[in-house]
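Shown next, in C-alpha cells, is the structure this report addresses.
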Amino acid sequence: MELKGYRAVAPDLRGYGDSFAPTDIPSYTGLHMIGDLAAVISAVTTSEDEKVFVVGHAWGALMAWYLCLLRPDKVKALVNLSVPFSFVPKDPWPEVTPIEQLRRIYGDDLYVVRFQEPGDIEAEIAEVGTERVMKRFFTYRTPYPFIIPKDKSFWGRPDIPIPLPSWLSEEEVQYYVRKFEETGFSGAVNSYRNFARNDELISPCIGIKVAVPTKFIIGDLDHVYHMPGIKEYIHGPQFKEDVPLLDPPVVMLGVAHWINQEKPDEILHHIYDFIRKF
C-alpha cells in the first residue's frame with residue numbers, strides 16, 4: 001500500500017494473523033522473529049544492501065529493537081511505540097530471571113507470568129470467549145500492567161457488555177476475533193514463553209548499541225510507562241546511551257497502550273516527520 005509516497009508493508013509476527021505458526025514453543029524466540037523480519041525485508045527490497053524504515057509496537061517494538069541490534073544493515077531508521085529498549089527492571093534480584101523479577105514485583109497473576117504455563121491461558125480464553133477477551137484487552141486503560149487472576153474477574157461479568165472506545169469499531173474487533181479463532185492464542189503467547197531463552201541468545205550482544213536513527217513514542221497511560229524504573233530509563237541518560245541516535249522521546253498525554261490505534265493521525269505524523277529526514 002502507498003502512504004504519503006512510501007510503500008508500507010505490515011507483516012504479522014510469527015504466530016499472529018496469517019503468519020507461520022509452528023506448534024513448538026522454542027520456535028518463537030527473538031532470533032526466529034529477526035530471521036522472519038529479515039526475510040520479509042529481503043522480499044520487499046530490490047537489492048541486498050537496500051535498507052527500510054521500521055515501525056514497531058509492543059511485542060513488535062521489542063522485535064524491532066532486536067532487529068536493529070543484530071541486523072542494522074537492514075534498517076534505515078526506526079520508530080518504536082510503547083516498549084523502550086530496556087523494559088525489565090535492572091537487576092533488583094540479579095540471581096533470578098526477568099520473569100521471576102516481574103513475578104516478585106507484581107505477583108503470580110501478572111499477564112506475562114500467567115502466560116508461562118503452556119495451555120493455561122489458552123484454556124481460560126476458550127472459556128471466556130475470544131470476543132470478550134479482545135474487547136477487554138483493547139479497552140484496558142489502567143496505567144498498571146494487566147493482572148489476570150485465575151478467578152476470571154479480570155474479564156468482568158459475562159452478562160455485562162464491554163463498550164468500545166470511539167477509535168475502535170466492532171468490525172475491527174471481529175477481524176481480530178476471526179483471526180485468533182482460526183489460529184488460536186498459543187502462537188501469540190509462545191513469544192512470552194521465550195523470555196529466558198531470548199536472554200540467553202541475546203546475551204552476547206550485551207553492551208552493543210542500537211546504531212540506527214530512532215524515534216520513540218509512548219502514552220502517559222500506557223502500563224509499560226508505569227513499570228518500575230521505566231520513566232527514569234526513558235527520561236534519563238541510559239536510554240540515549242543504549243540508543244545513541246535516539247531523538248528526544250515523545251510522551252503523548254491521555255493515551256494508553258494501543259497508541260497507534262487510539263491516535264493514528266498523530267502517530268502517522270510523527271512517523272512521517274521523522275523518516276522524511278533520511
Side-chain angles (χ1 to χ4, degrees), residues 13-17 21 25 28 57-63 81-83 87-89 92-93 96-165 168 172-174 176-198 218-230 255-259 261-262:
L13 286 179
R14 178 177 293 214
Y16 288 86
I25 293 172
Y28 289 85
H57 171 258
W59 194 263
L62 179 59
M63 295 304 105
L81 313 175
S82 295
V83 174
F87 71 102
V88 173
W93 302 282
V96 301
T97 65
I99 290 295
E100 184 58 30
Q101 292 184 35
L102 292 170
R103 187 196 303 271
R104 292 187 184 187
I105 295 170
Y106 295 107
D108 292 337
D109 294 334
L110 177 71
Y111 72 107
V112 176
V113 178
R114 285 291 317 276
F115 288 176
Q116 295 306 305
E117 180 63 32
D120 177 54
I121 198 67
E122 292 96 323
E124 183 168 320
I125 289 171
E127 183 176 342
V128 172
T130 305
E131 180 176 334
R132 189 164 193 88
V133 167
M134 289 289 96
K135 289 182 176 180
R136 184 70 178 97
F137 277 140
F138 275 121
T139 57
Y140 185 87
R141 294 184 63 81
T142 304
Y144 193 84
F146 298 99
I147 301 296
I148 308 178
K150 290 192 175 183
D151 64 7
K152 304 181 182 64
S153 58
F154 175 80
W155 311 109
R157 285 175 47 183
D159 59 325
I160 298 179
I162 298 176
L164 298 181
L168 182 65
E172 289 174 295
V173 171
Q174 292 308 317
Y176 293 116
V177 170
R178 286 195 305 273
K179 289 302 177 183
F180 276 111
E181 288 186 341
E182 288 171 6
T183 63
F185 281 81
S186 289
V189 296
N190 277 344
S191 297
Y192 292 87
R193 294 167 180 156
N194 279 283
F195 264 97
R197 196 171 283 112
N198 284 342
I218 193 168
D220 72 329
L221 298 180
D222 195 318
H223 65 270
V224 177
Y225 190 55
H226 294 270
M227 294 176 72
I230 293 299
V255 184
H257 186 64
W258 311 106
I259 188 169
Q261 291 171 281
E262 189 172 346

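All residue numbers refer to positions in the sequence shown, counting from 1.
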Could you check, using the six-membered ring where one of them is a Trp, whether Y140 and H257 have ring centers closer than 6.0 angstrom? no

Give a yes or no on whether the backbone of A123 and the side-chain of E127 come within a donor-acceptor separation of less than 3.5 Å. no

For the student: nearest non-hydrogen atoms of W258 and F137, plus distance: NE1-O, 3.0 Å

By salt bridge (Lys or Arg N to Asp or Glu O under 4.0 Å) - contacts of R103 (at least two apart): E100, D108

Got a sec: does the NZ of K152 have more than 12 other heavy atoms crowding it under 6.0 Å? yes

Would you confirm whether the ring centroid of F138 sits within less than 6.0 angstrom of the ring centroid of Y176? yes

Return the set of residues passing side chain to side chain donor-acceptor pair (under 3.5 Å) with R136 (not counting sequence neighbours), or none when no residue passes. none

Sequence neighbours excluded, the answer for side chain to side chain donor-acceptor pair (under 3.5 Å) partners of S191 is none

Does the pair E122/R193 count as a salt bridge with the N-to-O cut at 4.0 Å? yes

With sequence neighbours left out, what residues match D109 under side chain to side chain donor-acceptor pair (under 3.5 Å)? none

Identified salt bridge (charged side-chain N to carboxylate O under 4.0 Å, His left out) partner of E124 from the options K150, R132, R114: R114

Residue list, side chain to side chain donor-acceptor pair (under 3.5 Å) with N198, at least two apart or on another chain: none

Just grab all the salt bridge (Lys or Arg N to Asp or Glu O under 4.0 Å) pairs involving residues 155-164, residues at least two apart or on different chains. R157-D159

